[in-house]
Engineer: 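For reference, the structure I am asking about is given below.
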Amino acid sequence: MRLAPPPPDIVIAPRHEHEPLLRALALSLSALERQSALVIALSADPLEGAIDLPPGAPNAMDRAQLQAAAPLYFAAELEAAGLLPTAEQIAGLFASGAIVQPLGPGAQLINTFWRARRERLDASERQAIFARVIETPYFERLMAGLCEAIVAQADGGDLRERVALETACGALGEFLALRMDPMATLAARDIVANINLALGFLRDRMLQAAFAVNSLWQLVAVAGTQQGLSASGVQRRVDQGRAGQTVLLWLAEHYADAAPRIAADDYELIGAAQRWLSGRDAAPAPAAAPALSAAA
């Protein structure tokens, strides 16, 4: 009796440690590219602006502006987590010679980031943009209303819930469209591009070892620039930004819809809305964090 050959081995690709973060960052970069292309197309269209619309009616330019609002919100949450301030602090320590441990290829990335410091928005400029566009507590209230309306669609929703979704879309969409001026859009591109550069060396194991930590989140947490968030608190802010970006990108696509609909099986959107609400309700109290210094 001849036995059948064994089935082939199943190869499961290892999951990258920061895959969700990197995927969200790629989504930000892609959204900003689409926004730029849409603005160029609208500017080249001779009919754009020639149609007399009622005051306050959603238009194509509103959609373009909202495309940039989602990455800006994601960047704002990463700023609250302390990611860019940590990168700037590490670059300063590196330039001053305070980091004496070998960093391998990451040293060149840090040097490039440091040399471009005068070409990017500084912390106070970033905060001014975030405060103007994502103005609290108004944004939080409107965003919560939209997320609750999205979650309510999980079981199909009735007419009342569909009207609530349409109202929430209109309220948050108008709020952001009025604030996403060209300066805020340019700022979103600058900040997201610099987050991309910063993550190039902050994820490096040799750099983390130089500060006696073993993860990106611990490295950001010990910097002490994010009001004492723990490593888990830092990651929670990042997850909040990822979830919010997913919801806001959906809003950009459907803000002008007369009756926006959500399929009950749109698990990614509904899950992102629920995660945003859960993260907002479970915001931790800040914990003390030491100042950043290189390990001896």
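Nothing here was measured: the structure is a model prediction, and the numbers come from that model.
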Engineer: Listed by chain and number, what are the side-chain hydrogen bond (donor to acceptor under 3.5 Å, both in side chains) partners of D181, not counting sequence neighbours?
Structural biologist: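 For D181, the residues satisfying side-chain hydrogen bond (donor to acceptor under 3.5 Å, both in side chains) (neighbours in sequence not counted) are R132.
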
Engineer: If you compare all heavy atoms of V133 against all heavy atoms of A184, which two are closest, and at what distance to 0.1 Å?
Structural biologist: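 Distance-wise, the nearest heavy atoms are CG2-CB, 3.8 Å.
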
Engineer: Taking only residues two or more places apart in sequence or in another chain, which ones pass side-chain hydrogen bond (donor to acceptor under 3.5 Å, both in side chains) with Q153?
Structural biologist: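 In terms of side-chain hydrogen bond (donor to acceptor under 3.5 Å, both in side chains), with neighbours along the sequence ignored, Q153 is linked to no residue.
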
Engineer: With a 4.5 Å cut-off on side-chain heavy atoms, are P260 and W250 touching?
Structural biologist: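 Yes, side chains in contact.
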
Engineer: Identify the two heavy atoms, one from I270 and one from A154, that lie closest to each other, and give their separation to 0.1 Å.
Structural biologist: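 For I270 and A154, the tightest heavy-atom pair comes out as CD1-CA, 3.8 Å.
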
Engineer: One pair to check against side chain to side chain donor-acceptor pair (under 3.5 Å): R237 and Q240. What are the steps and the verdict?
Structural biologist: CA-CA 5 Å; R237 293 306 297 254; Q240 188 83 344; over 6 Å; no

Engineer: Measure across A149 and A168 and return the closest heavy-atom pair with its distance rounded to 0.1 Å.
Structural biologist: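 It is CB-CB, 4.3 Å.
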
Engineer: Quick test of your reading: applying ring pair (Phe, Tyr, Trp, His ring centres under 6.0 Å), list the pairs with at least one residue in residues 136-163, sequence neighbours left out, ordered by first then second residue.
Structural biologist: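 Every pair satisfying ring pair (Phe, Tyr, Trp, His ring centres under 6.0 Å) with a residue in residues 136-163: Y73-F139.
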
Engineer: Which residue pairs pass the salt bridge (charged side-chain N to carboxylate O under 4.0 Å, His left out) test when at least one of the two sits in residues 90-118, sequence neighbours left out?
Structural biologist: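 Qualifying pairs, neighbours excluded: none.
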
Engineer: If you round to the nearest 0.5 Å, how far is CH2 of W276 from CZ of R242?
Structural biologist: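 Here the interatomic distance stands at 15.5 Å.
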
Engineer: Does the side chain of T86 reach to within under 4.5 Å of the side chain of F211, using non-hydrogen atoms?
Structural biologist: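 Not in contact.
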
Engineer: Would you mind reporting whether F74 and V192 have side-chain heavy atoms less than 4.5 Å apart?
Structural biologist: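 No, too far: nothing below the 4.5 Å cut-off.
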
Engineer: Going by distance alone, is a donor N or O of one side chain under 3.5 Å from an acceptor N or O of the other, for N214 and Q218?
Structural biologist: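 Side chains of N214 and Q218: pair found under 3.5 Å.
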
Engineer: Find the distance between CD1 (I110) and CG (L202) and round it off to the nearest 0.5 Å.
Structural biologist: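 The distance works out to 8.0 Å.
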
Engineer: Counting C-beta onward and ignoring hydrogens, is there a side-chain heavy-atom pair between L216 and L21 closer than 4.5 Å?
Structural biologist: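 Sidechains of L21 and L216: in contact.
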
Engineer: Would R236 and S232 count as having a side-chain donor-acceptor pair, cut-off 3.5 Å?
Structural biologist: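 Absent: no donor and acceptor within the cut-off.
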
Engineer: Which distance, rounded to the nearest 0.5 Å, do you find between the CG of L165 and the CG of L146?
Structural biologist: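 Reported to 0.5 Å precision, the distance equals 6.5 Å.
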
Engineer: Below 4.5 Å, heavy atoms only, C-beta onward: do L32 and Q67 meet side chain to side chain?
Structural biologist: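 No, every pair of side-chain atoms sits at 4.5 Å or beyond.
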
Engineer: What distance do Q274 atom CD and L269 atom CG have between them, rounded to the nearest 0.5 Å?
Structural biologist: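 Rounded to the nearest 0.5 Å, the CD-CG separation comes to 12.0 Å.
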
Engineer: Listed by chain and number, what are the salt bridge (charged side-chain N to carboxylate O under 4.0 Å, His left out) partners of D190, not counting sequence neighbours?
Structural biologist: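 Expected list: none.
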
Engineer: Examine W114 and L219 and state if one hydrophobic cluster contains both, with Ile, Leu, Val, Met, Phe, Trp and Tyr joined whenever side-chain heavy atoms are less than 4.5 Å apart.
Structural biologist: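 No; tracing contacts between hydrophobic side chains, which count when under 4.5 Å, never links both residues.
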
Engineer: Side-chain donor-acceptor pair under 3.5 Å between S28 and Q245, yes or no?
Structural biologist: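 A donor-acceptor contact under 3.5 Å links the two side chains.
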
Engineer: Can you name the nearest heavy-atom pair linking A87 to A198, along with the distance?
Structural biologist: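 Minimum heavy-atom separation between A87 and A198: CB-CB, 3.5 Å.
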
Engineer: Scan for salt bridge (charged side-chain N to carboxylate O under 4.0 Å, His left out) pairs involving residues 84-101, sequence neighbours excluded, and state none if there are none.
Structural biologist: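 Pairs touching residues 84-101 that pass the test: E88-R120, E88-R126.
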
Engineer: In the hydrophobic cluster built from side-chain contacts under 4.5 Å, what are the other members alongside L27?
Structural biologist: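 Under the 4.5 Å side-chain rule, L27 groups with L249.
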
Engineer: Walk me through it: do V238 and L78 pass the test side-chain contact (heavy atoms from CB on, under 4.5 Å)?
Structural biologist: CA-CA 6 Å; V238 176; L78 292 184; 3.4 Å; yes

Engineer: Find out whether D239 and R275 are in side-chain contact, i.e. whether some heavy atom of one side chain is under 4.5 Å from a heavy atom of the other.
Structural biologist: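 Sidechains of R275 and D239: no contact.
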
Engineer: Might you point out which heavy atoms bring L103 and A210 nearest each other, and give the distance in Å?
Structural biologist: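 In this case the closest contact between L103 and A210 is CD2-CB, 4.2 Å.
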
Engineer: Which heavy-atom pair separates D257 from E253 by the least distance, and what is that distance?
Structural biologist: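 So the two residues come closest at OD1-O, 4.2 Å.
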
Engineer: Should side-chain heavy atoms under 4.5 Å link Ile, Leu, Val, Met, Phe, Trp and Tyr, which residues sit in the same cluster as L159?
Structural biologist: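 ILVMFWY cluster around L159 also holds V163.
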
Engineer: With sequence neighbours left out, what residues match R162 under side-chain hydrogen bond (donor to acceptor under 3.5 Å, both in side chains)?
Structural biologist: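 Testing R162 for side-chain hydrogen bond (donor to acceptor under 3.5 Å, both in side chains), a comparison that skips the adjacent residues, returns none.
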
Engineer: Give a yes or no answer on whether the side chain of S36 reaches the backbone of E33 with a donor-acceptor pair at less than 3.5 Å.
Structural biologist: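 Checking the backbone N and O of E33 against the side chain of S36, no donor-acceptor pair under 3.5 Å is found.
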
Engineer: Is M183 linked to L178 within one hydrophobic cluster, defined over Ile, Leu, Val, Met, Phe, Trp and Tyr using a side-chain heavy-atom separation of less than 4.5 Å?
Structural biologist: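 M183 does not cluster with L178.
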
Engineer: Determine whether the side chains of R189 and Q35 contain a donor N or O and an acceptor N or O closer than 3.5 Å.
Structural biologist: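 Yes - a donor-acceptor pair under 3.5 Å links their side chains.
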
Engineer: Could you give the distance from CD1 (I129) to CG (L121), rounded to the nearest 0.5 Å?
Structural biologist: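 Result: 7.0 Å between the selected atoms.
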
Engineer: Can you run down the ring pair (Phe, Tyr, Trp, His ring centres under 6.0 Å) pairs that involve residues 89-110, sequence neighbours left out, and say none if there aren't any?
Structural biologist: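 Sorted result for residues 89-110: empty, none.
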
Engineer: Could you tell me whether the side chain of L176 reaches within less than 4.5 Å of the side chain of L248, counting heavy atoms only?
Structural biologist: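 Heavy-atom side-chain distance check passes, below 4.5 Å.
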
Engineer: Scan for ring pair (Phe, Tyr, Trp, His ring centres under 6.0 Å) pairs involving residues 154-204, sequence neighbours excluded, and state none if there are none.
Structural biologist: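 Listed once each, the pairs are F113-F201.
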
Engineer: Output all residues satisfying side chain to side chain contact (heavy atoms under 4.5 Å, CB included) with A273, sequence neighbours left out; order by chain, then residue number.
Structural biologist: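 Only C147, I150, V151, V247 meet the side chain to side chain contact (heavy atoms under 4.5 Å, CB included) criterion with A273.
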
Engineer: Is any side-chain heavy atom of R179 closer than 4.5 Å to a side-chain heavy atom of I134?
Structural biologist: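 With C-beta onward as the side chain, the pair stays apart.
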
Engineer: What is the distance from atom CD1 of I191 to atom CG of L83, rounded to the nearest 0.5 Å?
Structural biologist: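 Here the rounded value is 12.5 Å.
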
